[in-house]
Amino acid sequence: MERDRALARVLLDRQGRTYADEAGIRLADRPGPLYQLLVLSTLLSARIRAGVAVAAARELFAAGCRTPQGTASRSWQDLVDALGRGHYRRYDERTATMLGNAARLCLERWNGDLRRLHREAGNDPSALRRELTRFPGVGPTGADIFLREVQVAWPELRPYADRKVTDAARRLDLPSTPERLAGLAGAADFPRLVSALVRVSLGQQSIAELNRAAATR
């Protein structure tokens with residue numbers, strides 16, 4: 001257990017930044033930040049580098065797409081251009097269409113407020129995942145990204161960890177259940193630990209180096 005806690009601390013120190021934070025989203029249980037997380041989750045779920053997805057999200061937000069109303073009021077070309085500035089070029093045209101349609105669905109189905117989706121689905125991850133996949137461009141992968149990150153704003157969901165997280169934990173010989181993982185970091189730091197493990201799964205940190213660093217703690 002002592003080794004596991006030391007390794008968790010190394011992960012938090014080195015890679016413990018959520019993707020929402022990296023994208024400049026001040027995540028809270030409010031309509032704007034929750035919608036911004038939905039946009040980010042859509043971008044991250046494509047087969048593209050996470051850094052490019054984060055950069056594209058920042059460009060979209062700078063272009064006024066911080067709310068579904070803001071996105072719906074932009075032209076398709078405005079969205080394509082913002083994605084291009086973030087170097088999200090491989091999927092820019094299709095993604096622009098999906099983002100526009102998703103913004104309109106958010107307005108029509110939930111009046112632009114994803115807290116309503118949360119209330120309807122409760123704290124059941126399966127129900128939340130099902131509702132999230134109604135959005136164009138958000139499949140199971142995008143829904144998992146959203147749920148991993150939204151634990152900051154919806155603490156009732158903690159501890160939430162999908163297969164990408166638990167597989168990385170196993171590779172590090174850490175506990176692989178969400179509850180036991182949460183015991184290594186504490187409730188407040190758990191979303192950051194989850195993000196760090198996602199980065200391990202993406203090969204952004206050497207497992208051998210992490211273990212060496214933990215051994216010196």
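Residues: numbered from 1 along the sequence shown.
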* Asked: How long is the gap from OG1 on T18 to CZ on R148, to the nearest 0.5 Å?
  -> 11.0 Å
* **Qualifying side-chain hydrogen bond (donor to acceptor under 3.5 Å, both in side chains) pairs with a residue from residues 123-139, counting only residues at least two apart or across chains** => H118-N123, R129-D144, R129-Y160, E131-R134
* To do: Report yes if some heavy atom in the side chain of D21 is under 4.5 Å from a heavy atom in the side chain of V152; otherwise report no.
  => no
* Start with the C-alpha distance between L132 and L38, add both sets of side-chain angles, then the distance that settles side chain to side chain contact (heavy atoms under 4.5 Å, CB included), and finish with yes or no. => CA-CA 9 Å; L132 288 164; L38 181 69; 4.3 Å; yes
* W110 and Y35 aromatic centres sub-6.0 Å -> no
* Structure fact -> CG (L40) and CD1 (I25) are apart, to the nearest 0.5 Å, by 5.0 Å
* How close do C65 and R74 get, heavy atom to heavy atom, and via which atoms? -> SG-CG, 4.4 Å
Give the table of side-chain donor-acceptor pairs shorter than 3.5 Å for residues 44-51, with sequence neighbours excluded, one pair per line with atom names and distance.
from	atom 1	to	atom 2	distance (Å)
S45	OG	S41	O	3.4
S45	OG	T42	O	2.8

* **Donor-acceptor contact present, side-chain E120 to main-chain L117, <3.5 Å** => no
* For R30, check side-chain contact (heavy atoms from CB on, under 4.5 Å) against everything at least two apart and list the hits. => A28, P33
* To do: Would you name the heavy atoms of A169 and P175 that are closest together and state the gap between them?
  => CB-O, 3.5 Å
Check residues 178-195 and write down every donor-acceptor pair under 3.5 Å in which the side-chain atom is one partner and the other belongs to a residue at least two apart or another chain.
from	atom 1	to	atom 2	distance (Å)
D189	OD1	R192	NH1	2.9
R192	NE	G16	O	2.7
R192	NH2	L12	O	3.1
R192	NH2	G16	O	3.3
S195	OG	E149	OE2	3.3
S195	OG	P191	O	3.3

* At what distance, to the nearest 0.5 angstrom, does CG of L174 lie from CZ of R5? -> 11.5 Å
* Kindly determine whether I145 and Y19 satisfy side chain to side chain contact (heavy atoms under 4.5 Å, CB included), including the steps that lead there. => CA-CA 9 Å; I145 292 168; Y19 287 102; over 6 Å; no
Could you go through residues 56-63 and list every donor-acceptor pair under 3.5 Å that involves a side-chain atom there, pairing it with any protein atom two or more places apart or in another chain?
from	atom 1	to	atom 2	distance (Å)
R58	NE	E22	O	3.1
R58	NH2	E22	O	2.9
E59	OE1	R85	NE	3.3

* To do: Test K164 against every option in V198, V200, L197 by the side chain to side chain contact (heavy atoms under 4.5 Å, CB included) rule and name the one that passes.
  => V198
* If you measure from OG on S176 to CZ on R171, what distance do you get to the nearest 0.5 Å? -> 14.0 Å
* **ILVMFWY cluster membership beyond V80 - transitive side-chain contacts under 4.5 angstrom** => W76
* **Counterpart residues, side-chain hydrogen bond (donor to acceptor under 3.5 Å, both in side chains), relative to R170 (two or more places apart)** => D167
* Structure fact -> E108 meets the side-chain contact (heavy atoms from CB on, under 4.5 Å) criterion, sequence neighbours left out, with R104
* Which atoms form the tightest heavy-atom contact between L105 and P136, and what is the distance? -> CD2-CD, 4.2 Å
* To do: Apply the test side chain to side chain contact (heavy atoms under 4.5 Å, CB included) to residues T166 and T177: give CA-CA distance (whole Å), side-chain angles for both, the deciding distance (0.1 Å), then the verdict.
  => CA-CA 7 Å; T166 57; T177 66; over 6 Å; no
* D162 side chain vs V165 backbone, donor-acceptor pair below 3.5 Å -> yes
* So how far is it from Q151 CD to R158 CZ, rounded to the nearest 0.5 Å? -> 7.0 Å
* To do: Only counting residues at least two apart or in another chain, list the ones meeting side-chain hydrogen bond (donor to acceptor under 3.5 Å, both in side chains) with D173.
  => none
* Asked: Who are the side-chain hydrogen bond (donor to acceptor under 3.5 Å, both in side chains) partners of R26, not counting sequence neighbours?
  -> none
* Asked: Does the pair Y88 and L43 meet the rule for a side chain to side chain contact (heavy atoms under 4.5 Å, CB included), with working shown?
  -> CA-CA 9 Å; Y88 201 91; L43 299 177; 3.8 Å; yes
* Asked: Going hydrophobic residue to hydrophobic residue with side-chain gaps under 4.5 angstrom, can you get from V52 over to M98?
  -> no
* **For P31, side-chain contact (heavy atoms from CB on, under 4.5 Å) partners two or more places apart** => D113, R115
* Asked: With sequence neighbours left out, what residues match S75 under side-chain hydrogen bond (donor to acceptor under 3.5 Å, both in side chains)?
  -> D78
* NZ/NE/NH1/NH2 to OD/OE distance under 4.0 Å, E209 and R212 -> yes
* **Same cluster (ILVMFWY, side-chain, under 4.5 Å), L114 and L107** => no
* Structure fact -> Rounded to the nearest 0.5 angstrom, the CD-OG1 distance for Q69 and T71 is 9.0 Å
* To do: Please answer whether the main-chain N or O of R14 pairs with a side-chain N or O of R199 as donor and acceptor at a distance below 3.5 Å.
  => no
